[in-house]
Amino acid sequence: MTFEGARKGTGRPFDFNSAKRSSMIYTLTVECIVGPYLQAECGRVIEIKDDATLEGLHFAIQSAVSFDNDHLYDFYTGRNYRHRKVRYGSEDWDEAAYSRIQLRDVYPLGSLKLYYIFDFGDSWRFEIRKNRRVHAPEPRVRYPRIIERRGPDPEQYPSCE
């Protein structure tokens with residue numbers, strides 16, 4: 001997007017997309033809502049940079065619930081987890097798409113919610129809600145980081161005993 005007015009003193013339009021912008025921190029509440037071995041509430045609150053990609057959010061969720069990263073995943077929005085309004089990948093699973101789409105491009109969603117599905121066989125589903133509060137990164141803090149845990153990690157592969 002460019003501003004039609006000229007950049008002061010240059011005669012060139014100002015390009016807002018190329019302007020250097022510092023990252024802001026989103027606070028996301030991630031809840032496991034469906035899973036074959038889900039036995040208790042599992043919620044995590046994660047702080048993550050707004051320029052993190054959906055792939056980065058995938059890795060943050062995997063780490064937050066101690067899952068092995070051994071299956072495909074997808075992100076989509078909808079009114080609920082059964083209603084897919086916008087799918088962020090292509091029809092054929094495209095890992096590269098998730099490494100390009102930043103969270104700041106996904107939000108705001110309006111009345112829709114963001115969902116993450118992991119392991120298309122077991123269909124683990126997570127609902128992701130963004131807190132309205134956005135803040136600057138704290139010095140010497142590594143993001144993403146978990147700031148709250150509710151419930152135990154779901155058991156991805158139950159023991160056979």
Side-chain angles (χ1 to χ4, degrees), residues 1 17 21-135 137-138 141-161:
M1 169 173 35
N17 291 329
R21 173 173 144 18
S22 61
S23 295
M24 296 301 288
I25 301 302
Y26 287 166
T27 303
L28 304 178
T29 300
V30 179
E31 290 190 51
C32 185
I33 55 173
V34 175
Y37 315 111
L38 182 64
Q39 296 181 357
E41 174 190 13
C42 175
R44 305 291 182 262
V45 179
I46 299 172
E47 288 186 331
I48 190 167
K49 291 183 177 181
D50 68 345
D51 62 358
T53 62
L54 288 176
E55 179 183 50
L57 179 56
H58 155 73
F59 288 124
I61 295 169
Q62 291 285 295
S63 177
V65 297
S66 302
F67 273 11
D68 293 332
N69 183 27
D70 55 355
H71 293 282
L72 299 177
Y73 63 95
D74 199 5
F75 285 93
Y76 63 95
T77 59
R79 288 188 309 270
N80 59 53
Y81 77 91
R82 290 186 176 109
H83 174 262
R84 290 184 187 203
K85 178 82 172 165
V86 174
R87 185 163 178 251
Y88 289 99
S90 62
E91 286 303 312
D92 298 322
W93 189 79
D94 178 14
E95 182 177 343
Y98 296 116
S99 66
R100 292 187 305 269
I101 301 169
Q102 294 180 330
L103 293 176
R104 66 171 64 137
D105 299 327
V106 172
Y107 289 104
L109 291 174
S111 63
L112 300 177
K113 297 175 185 171
L114 181 63
Y115 292 94
Y116 164 71
I117 181 171
F118 174 71
D119 184 347
F120 298 151
D122 282 345
S123 295
W124 289 96
R125 293 181 193 265
F126 296 80
E127 183 177 287
I128 304 161
R129 294 182 311 276
K130 180 181 157 295
N131 186 307
R132 289 182 184 205
R133 184 176 156 260
V134 175
H135 61 88
E138 296 175 28
V141 172
R142 295 184 69 195
Y143 297 98
R145 70 174 178 169
I146 301 168
I147 61 170
E148 184 182 330
R149 293 177 174 271
R150 287 190 308 277
D153 291 338
E155 191 172 4
Q156 183 180 5
Y157 301 116
S159 63
C160 296
E161 297 176 7

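FYI, the numbering just counts along the sequence from 1. From a predicted model like this one, the values you see are computed outputs, not experimental measurements.
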Query raised in the report: Can you name the nearest heavy-atom pair linking G151 to R44, along with the distance?
Result: O-NH1, 3.2 Å

Report task. Determine whether the side chains of Y115 and D74 contain a donor N or O and an acceptor N or O closer than 3.5 Å. Result -> no

Report summary line: What one should report as the nearest heavy-atom pair of L38 and P154 is CD1-CB, 4.1 Å

Report task. Return the orientation label for the F67 and W124 ring planes: parallel under 30°, perpendicular over 60°, tilted otherwise. Result -> perpendicular

Requested in this report: Using the six-membered ring wherever Trp is involved, compare the ring planes of F118 and Y116 and label them parallel, tilted or perpendicular (cut-offs 30° and 60°).
Outcome: parallel

Query raised in the report: Any side-chain heavy atom of I25 sitting closer than 4.5 Å to one from V141?
Result: no

Requested in this report: Kindly indicate, with the supporting measurements, whether the criterion side chain to side chain contact (heavy atoms under 4.5 Å, CB included) is fulfilled by F75 and L57.
Outcome: CA-CA 10 Å; F75 285 93; L57 179 56; 3.8 Å; yes

Report summary line: In short, A60 meets P144 closest at the heavy-atom pair CB-CG, 3.7 Å

Query raised in the report: Is there a side-chain contact between T27 and V45, using heavy atoms and a 4.5 Å cut-off?
Result: yes

Query raised in the report: Can you find a pair of side-chain heavy atoms, one from T29 and one from I128, that are under 4.5 Å apart?
Result: no

Report task. Answer yes if the side chains of S66 and D153 hold a donor-acceptor pair under 3.5 Å, and no otherwise. Result -> yes

Query raised in the report: Thinking salt bridges, do R145 and E138 make one under a 4.0 Å N-O criterion?
Result: yes

Query raised in the report: Counting heavy atoms not belonging to R149, are there more than 12 under 6.0 Å from its CZ?
Result: yes

Query raised in the report: Does a side-chain heavy-atom distance below 4.5 Å link T77 with L114?
Result: yes

Query raised in the report: Are any side-chain N or O atoms of Q156 and backbone N or O atoms of D68, one a donor and one an acceptor, separated by less than 3.5 Å?
Result: yes

Report summary line: Between the CD atom in E47 and the CG atom in L28, the distance rounded to the nearest 0.5 Å is 9.5 Å

Report summary line: One should read off an interatomic distance between C42 SG and I33 CD1, to the nearest 0.5 angstrom, of 12.0 Å

Query - Within-4.5 Å side-chain heavy-atom neighbours: L103 and I48 - result: yes

Query raised in the report: Atom CG of L112 and atom CG of N80: how far apart are they, to the nearest 0.5 Å?
Result: 10.5 Å

Query - Criterion ring-ring contact (aromatic ring centres under 6.0 Å, His included) against Y73, the qualifying member of F59, F120, F126, Y98 - result: Y98

Query raised in the report: Given the rule in the side chain to side chain contact (heavy atoms under 4.5 Å, CB included) test, do E127 and V30 qualify, once you have shown the distances and angles that lead to the verdict?
Result: CA-CA 6 Å; E127 183 177 287; V30 179; over 6 Å; no

Requested in this report: Please say whether the positively charged group of K130, taken as NZ for Lys or CZ for Arg, lies over the ring of Y26, i.e. under 6.0 angstrom from the six-membered ring centre and within 45 degrees of the axis.
Outcome: yes

Query raised in the report: Are any side-chain N or O atoms of D50 and backbone N or O atoms of M24, one a donor and one an acceptor, separated by less than 3.5 Å?
Result: yes

Query raised in the report: Just how far is it from atom CD1 of I101 to atom OG1 of T53, taken to the nearest 0.5 Å?
Result: 9.0 Å

Report summary line: The reported gap from CZ in R100 to CG in D105 (rounded to nearest 0.5 angstrom) is 11.5 Å

Requested in this report: Using the side chain to side chain contact (heavy atoms under 4.5 Å, CB included) rule, take V134 and Y107 through it: C-alpha gap first, then chi angles, then the decisive distance, then the call.
Outcome: CA-CA 12 Å; V134 175; Y107 289 104; over 6 Å; no

Query raised in the report: With side chains defined as the heavy atoms from C-beta onward, is the minimum distance between E31 and R129 less than 4.5 Å?
Result: yes

Query raised in the report: With side chains defined as the heavy atoms from C-beta onward, is the minimum distance between V65 and C32 less than 4.5 Å?
Result: no

Query raised in the report: How far does CZ of R125 sit from OH of Y76, to the nearest 0.5 angstrom?
Result: 4.0 Å

**Report entry** Least distance between heavy atoms, S23 atom then P137 atom
**Finding:** O-CD, 3.3 Å

